[in-house]
Amino acid sequence: MKRYLITLALACSLACTPKSSTPVYLDPSQPIEARVNDALGRMTLEEKVAMTHAQSKFSSAGVPRLGIPELWHTDGPHGIRPEVLWDDWDQAGWTNDSCTAFPALINLAATWNRDMALLYGDCIGAEARYREKDILLGPGINICRTPLGGRTFEYMGEDPYLAGQLVAPYVKGVQQNGVAACVKHFAVNNQEMRRTSTNSIVDDRTLYEIYLPAFKAAVQEGGAWAVMGSYNLYNGQFNCHNHRLLCDILKDEWNFDGVVISDWGGCRDDDEPITNGLDIEMGTWTNGLRGAASNSYDNYHLARPYLERLKDGRATEEELDGKVRRILRTVFRTSMSPEPHFGSFTSPEHFQAAREIAADGIVLLKNDGVLPLKLHEGARLLVVGENAYKMMVVGGGSSNLKTKYESIPLDALQEAFDGHCEVVWERGYVGDTTTDYNKVVTGQDLSESRSAAQLMADALEQARMAEVVLYIGGLNKSAYQDNESTDRLDITLPYGQDALIEALAQVAGKLVVVNISGSPVAMPWASRINAIVQAWYGGSEAGHALADVLTGAVNPSGKLPFTMPLALADGPLKTERQYPGIKPEGETWWQEYYDEGVFVGYRWYDTQDIPVQFPFGHGLSYTTFDLKDARVRKAGDGFRVSATLTNTGSVAGAQVVQLYVADPEASVARPAKELKGFQKVYLKPGESRQLSFTLDKQALSFFDADAHAWVAEPGDFQALLGFSSADIRAVVSFTLASK
C-alpha cells in the first residue's frame with residue numbers, strides 16, 4: 001500500500017476544501033478524458049518525460065507532487081511473477097509472493113472455450129490486483145508458424161480466429177479487476193532464435209489474414225488497455241518503435257487508445273520511439289543500473305535524450321503529450337479507477353479454476369478403450385517417465401513462477417487410486433535435473449545414479465508385471481525445448497524417449513502415453529500405443545487435472561490448437577530464408593521471409609493434402625457425438641449456418657463443433673478451408689442441441705493488399721461443419737450474390 005500513500009495524503013489535504021476546488025483528475029466521478037486533460041495541464045515537462053520510461057525493473061514513474069502513482073508491471077501470462085529486486089532480475093526474497101500458477105496459454109487455447117478464457121482472465125487479474133500490479137504483461141498471441149518456436153507454449157496456437165476468440169474474453173476478465181492486460185508481442189514475432197536481430201519480411205495479405213487478426217480482436221473486441229511491442233524488426237524497423245505497426249495500424253486503423261510498452265530491452269533508438277508510437281520504454285538495460293555510464297534510467301532513450309530533444313526543438317511537446325495522455329488514461333483505468341478493486345490471491349477458487357481449465361484443455365488423441373483407467377482391485381499401475389514427477393511451473397523464461405504448491409501427476413494418481421491399486425513409478429530416462437530458475441527453487445531432488453541402459457531395463461522389468469503402463473514424458477522448459485530465448489532443434493522427443501516408448505510397447509499389456517509439452521512433437525510409435533493423451537504445462541493443479549481425465553472424473557474435451565505433423569519436413573517452411581532466416585552480404589540484420597504466405601498450419605497441410613499425425617482441432621471423448629441436419633440460409637447481409645448435435649454415447653461430455661469456410665473458385669490462392677466459427681457444447685447422454693453460426697462478409701473475405709481492403713468475391717462457397725479440420729461431418733454450399 002505504500003505507493004498509494006502520496007495519493008491518499010493529497011486527497012486528505014483536499015478534504016477540507018470546497019468541492020469545487022477539488023482537482024478534476026482526483027475526482028473519480030469525472031470522465032476519464034476530463035481527468036487526463038486536467039492532470040496533463042498541471043504537469044511539468046520533466047514530470048511528463050519521467051512517465052515515459054522505467055524507474056525500476058518493473059515500474060514506471062508517476063507524479064508524486066500530484067498524487068499520481070507509478071505504474072507497476074508484472075510478468076504473466078500464466079501467473080503473477082515473484083517480486084524481484086528494484087534494479088535486478090534476482091528475487092527479492094519475499095515469503096508472501098507465491099502465486100496461483102495457471103495453465104500455459106496453449107492449454108487454454110486447447111479448451112476452445114470462451115468461458116474458460118474469461119474465468120482465466122478474471123482469476124489472474126484478481127491476483128495481479130491483490131499484488132498491487134497495474135499492468136499484466138500478457139496474454140501472448142503470436143501465431144505458431146513453426147513447431148520449433150520456443151514460446152509456442154505461451155501462445156494460443158496456429159489459427160488467428162481461435163486465438164482471437166479466446167484472447168478477447170481473457171482480456172475482459174483481467175481488466176474487470178482494474179488491471180490492464182498488455183497483449184504481446186506485436187507483431188510477426190514467431191521465433192526465439194535471433195529474436196532481437198531478425199527482420200520479418202511479410203506481405204500485407206499474410207500480415208492482415210494471419211498475424212494481425214488476434215491482436216485486432218484483443219483491441220477491438222477485448223478492449224485491451226495495453227500492447228507490448230516485440231523484439232524483432234518488421235520490414236526493416238524495430239517493432240517497439242515501428243511506425244507502420246504502432247501508428248498506422250494499431251492506433252489509426254484500430255483506434256487503440258491504450259498504452260504501448262516496449263519489451264524489456266526492445267527500444268533501440270533515440271529518435272524513432274518519439275515519433276513511432278512507443279509510450280513507455282521498459283528494461284532497455286535489463287541489468288538494472290548496470291550498462292550505462294551513469295544512472296541507467298536517466299539514460300533510457302525516452303529519458304534524458306528525449307528531454308534534451310524537447311528543449312532544443314528536435315521533438316515537440318505535442319508528441320510527448322500524446323504519450324502521457326495514454327499513460328494517464330492507464331492510471332485512471334487501474335490504480336485510480338472510479339471503482340475500488342482489491343483482488344484475491346491463491347484462493348481455493350483460483351486453484352479450482354486452474355484445475356478446471358487445465359483439465360478442459362487436455363486432449364485425448366487416441367483411445368482403444370483403455371481409458372478411462374478402470375483397474376482391478378489390487379492391480380499394479382506402472383507410471384514411467386520423468387514428467388510424472390518433475391515440477392513444471394519453474395522455468396521457461398519470463399513466465400517462470402513461484403507457486404504456493406504444484407500438484408504433480410505421480411502424487412495425484414497415487415491419491416486417486418489410494419487403497420484400490422498399487423501405483424509404482426520408474427523414471428525411465430533422465431531429462432532435465434535442474435530444479436531452480438532465476439532463484440526460484442522447486443526443492444525436488446532429480447539426481448540420478450543409474451545409467452540410461454539401467455533406467456530402461458528397470459522400467460521394462462516393472463512393465464511386465466503391470467496391468468497398465470502409463471508413460472508420462474514429453475518436453476520440459478529447459479533450453480531448446482519449450483523455453484524463451486531458444487527454439488527447438490527438432491520435433492522428435494528428447495532424451496531417447498522414442499526408443500523407450502517402443503520398448504515398453506513390446507512388453508506392456510496395455511500402454512498409455514501422456515505427452516506433456518507446449519508444442520507439437522512427432523509420435524512415430526502412435527500406431528502401437530493403446531491410448532495417447534496430449535497434456536500441457538498445467539500450472540499448480542497440473543497433476544490433479546491430468547488424473548481427473550485419466551480416471552474419468554472429467555470427460556476429456558480438449559482440441560488441438562495446432563497441427564501435429566508426422567515430420568518437421570512436412571511443414572510449409574522449406575528453406576533457410578523462411579526459417580531461421582539468412583543474412584545476405586551487406587545486411588545488418590538477419591532476413592526472414594514469410595514465403596509461405598497465408599499457408600500456415602492446417603491451411604498448408606489440408607491444401608496440399610499432406611498426411612499428419614493428428615489434425616488441427618482434433619480431440620476425442622469418452623462418449624460419442626453425431627452431427628446432422630446441417631443447413632445454411634441467408635440472414636441479412638450474411639448467412640446463418642445451423643446443425644443439430646447429439647450425444648450418442650453413454651456418458652455426459654462436451655464436443656467442439658467447428659465451422660470452416662471454403663472458397664473453391666477465388667481469384668487468389670486461398671486455403672482449402674479456414675476456421676470461422678466454433679461452439680463448445682456440453683450434452684448429457686441422448687441429449688441434442690441445435691447450433692447456429694453467423695457468417696458475415698468478413699468471414700468470406702481475403703485481404704486485397706493493393707486495395708488495402710477486405711474482399712468477398714461473389715460466387716459459391718462451402719460451409720464445412722465437423723469435429724476437426726480433417727473430420728468434416730457436413731458440407732453445405734451457398735452463394736454470395738453480386739450487388
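Note that the structure is a prediction, hence the values are computed from the model and not measured.
Ion pairing of Asp490 with Arg488 is absent here, as no side-chain N (NZ or NE/NH1/NH2) approaches a carboxylate O to less than 4.0 Å. Salt bridge present: Arg244 and Asp204 bring a charged side-chain N and a carboxylate O closer than 4.0 Å.
With a 4.5 Å cut-off on side-chain heavy atoms, Val188 and Asn232 count as touching. In this structure, Leu246 and Phe186 have side chains that are in contact, with non-hydrogen atoms separated by less than 4.5 Å. Residues Val174 and Val171 fail the side-chain proximity criterion, which asks for heavy atoms closer than 4.5 Å. Between Asn515 and Val533, every side-chain heavy-atom pair lies at or beyond the 4.5 Å cut-off. Between Phe102 and Thr100 the shortest side-chain heavy-atom distance falls below 4.5 Å. Side-chain atoms of Asn367 and Tyr622, non-hydrogen and from C-beta on, do get closer than 4.5 Å to each other. Two residues are said to be in side-chain contact when any heavy atoms from C-beta on lie closer than 4.5 Å; Arg355 and Asp548 meet this criterion. Put simply, the side chain of Gln613 does not reach to within 4.5 Å of the side chain of Pro565, judged on heavy atoms.
When only modelled atom types and interatomic distance are considered, Gln655 and Ser557 share no side-chain donor-acceptor pair under 3.5 Å. Side-chain atoms of Gln698 and Ser701 include no donor-acceptor pair closer than 3.5 Å. One side chain, Asn239 or Ser230, offers a donor N or O that lies under 3.5 Å from an acceptor on the other. Side-chain atoms of Glu484 and Ser398 form a donor-acceptor pair, as typed in the model, at a separation below 3.5 Å. In this model, a donor atom of one side chain and an acceptor atom of the other lie less than 3.5 Å apart for Asp482 and Tyr537. Side-chain contact annotation: Asp595 with Gln578, donor-acceptor N/O pair under 3.5 Å absent. No donor-acceptor contact under 3.5 angstrom links the side chains of Thr152 and Glu158, judged on distance only.
Take Arg145 and apply the salt bridge (Lys or Arg N to Asp or Glu O under 4.0 Å) test, not counting sequence neighbours, and it matches Glu592, Glu596. For the salt bridge (Lys or Arg N to Asp or Glu O under 4.0 Å) test, residues two or more places apart in sequence or in another chain that qualify with Arg689 are Glu687. The ring-ring contact (aromatic ring centres under 6.0 Å, His included) search around Phe625 returns none, not counting sequence neighbours. With sequence neighbours excluded, no residue forms a salt bridge (Lys or Arg N to Asp or Glu O under 4.0 Å) with Asp487. In terms of the ring-ring contact (aromatic ring centres under 6.0 Å, His included) criterion, Trp225 has no residue partners (sequence neighbours excluded). Every salt bridge (Lys or Arg N to Asp or Glu O under 4.0 Å) that Lys251 has, sequence neighbours left out, goes to Asp279. Among residues two or more places apart in sequence or in another chain, the ring-ring contact (aromatic ring centres under 6.0 Å, His included) test is passed with Tyr579 by none. Residues passing the ring-ring contact (aromatic ring centres under 6.0 Å, His included) test with Tyr208 are Phe703, His708, sequence neighbours excluded.
Every pair passing salt bridge (charged side-chain N to carboxylate O under 4.0 Å, His left out) that includes a residue from residues 667-680 is listed here, sequence neighbours excluded: Asp360-Lys680, Arg603-Glu674, Asp606-Lys673, Asp663-Arg670, Arg670-Glu674. For the salt bridge (charged side-chain N to carboxylate O under 4.0 Å, His left out) condition, the pairs that include at least one residue of residues 617-633, sequence neighbours left out, are Asp626-Lys628. Contacts classified as salt bridge (charged side-chain N to carboxylate O under 4.0 Å, His left out) and involving residues 101-127 (residues at least two apart or in different chains) are not found.
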Take Leu364 and Lys366 through the side chain to side chain contact (heavy atoms under 4.5 Å, CB included) test and state the conclusion after the steps.
CA-CA 6 Å; Leu364 180 60; Lys366 176 183 178 180; over 6 Å; no
Stepwise, does the side chain to side chain contact (heavy atoms under 4.5 Å, CB included) test hold for Leu573 with Leu148?
CA-CA 11 Å; Leu573 306 190; Leu148 301 181; over 6 Å; no
So Leu119 and Glu356, side chain to side chain contact (heavy atoms under 4.5 Å, CB included) or not? Walk me through it.
CA-CA 10 Å; Leu119 175 65; Glu356 291 176 3; 4.3 Å; yes
Ser519 and Arg151: side-chain hydrogen bond (donor to acceptor under 3.5 Å, both in side chains), yes or no, with the steps?
CA-CA 9 Å; Ser519 49; Arg151 296 183 87 170; over 6 Å; no
side-chain hydrogen bond (donor to acceptor under 3.5 Å, both in side chains) between Tyr120 and His78: does it pass, once the steps are laid out?
CA-CA 9 Å; Tyr120 193 129; His78 310 136; 4.7 Å; no
Could you walk me through whether Leu560 and Leu365 pass side chain to side chain contact (heavy atoms under 4.5 Å, CB included), step by step?
CA-CA 9 Å; Leu560 286 178; Leu365 296 175; 3.9 Å; yes
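For the atom pair CG of Leu105 and CD1 of Ile141, the computed distance is 10.0 Å after rounding to the nearest 0.5 Å. To the nearest 0.5 Å, the span separating CZ on Phe693 from CG on Leu659 amounts to 5.5 Å. In this structure, Asp716 CG and Thr735 OG1 are separated by 4.0 Å, a value rounded to the nearest 0.5 Å.
The backbone N or O of Leu162 sits less than 3.5 Å from a side-chain atom of Asp159, completing a donor-acceptor pair. One N or O on the side chain of Gln237 and one on the backbone of His243 form a donor-acceptor pair closer than 3.5 Å. Of the possible polar contacts, none joining the Thr206 side chain to the Val202 backbone as a donor-acceptor pair under 3.5 Å is found. In this structure a side-chain-to-backbone donor-acceptor pair under 3.5 Å is missing from Gln534 to Ile362. No donor-acceptor distance shorter than 3.5 angstrom exists from the side chain of Tyr170 to the backbone of Leu108, with no hydrogens or angles considered. In this structure, Thr648 contributes its side chain and Thr624 its backbone to a donor-acceptor pair below 3.5 Å. Asn199 places no side-chain N or O within 3.5 Å of a backbone atom of Gln591 that could act as its donor or acceptor partner. Judged by distance alone, the side chain of Gln658 and the main-chain N or O of Phe723 form a donor-acceptor pair under 3.5 Å. A side-chain donor-acceptor contact under 3.5 Å links Trp536 to the backbone of Gly361. Between the Asn142 side chain and the His185 main chain, a donor and an acceptor come within less than 3.5 Å of each other.
If you run ring-ring contact (aromatic ring centres under 6.0 Å, His included) between Phe616 and each of Tyr605, Trp112, Trp604, Phe562, only Trp112 comes through.
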All N/O donor-acceptor pairs, side-chain side in residues 213-222, below 3.5 Å, sequence neighbours left out:
from: Gln220; atom 1: NE2; to: Trp254; atom 2: O; distance (Å): 3.4

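Under a cutoff of 6.0 Å and an axis angle of 45°, Arg577 and Tyr593 form a cation-pi pair.
Ring centroid separation for the pair Tyr594 and Tyr211 comes in under the 6.0 Å cut-off.
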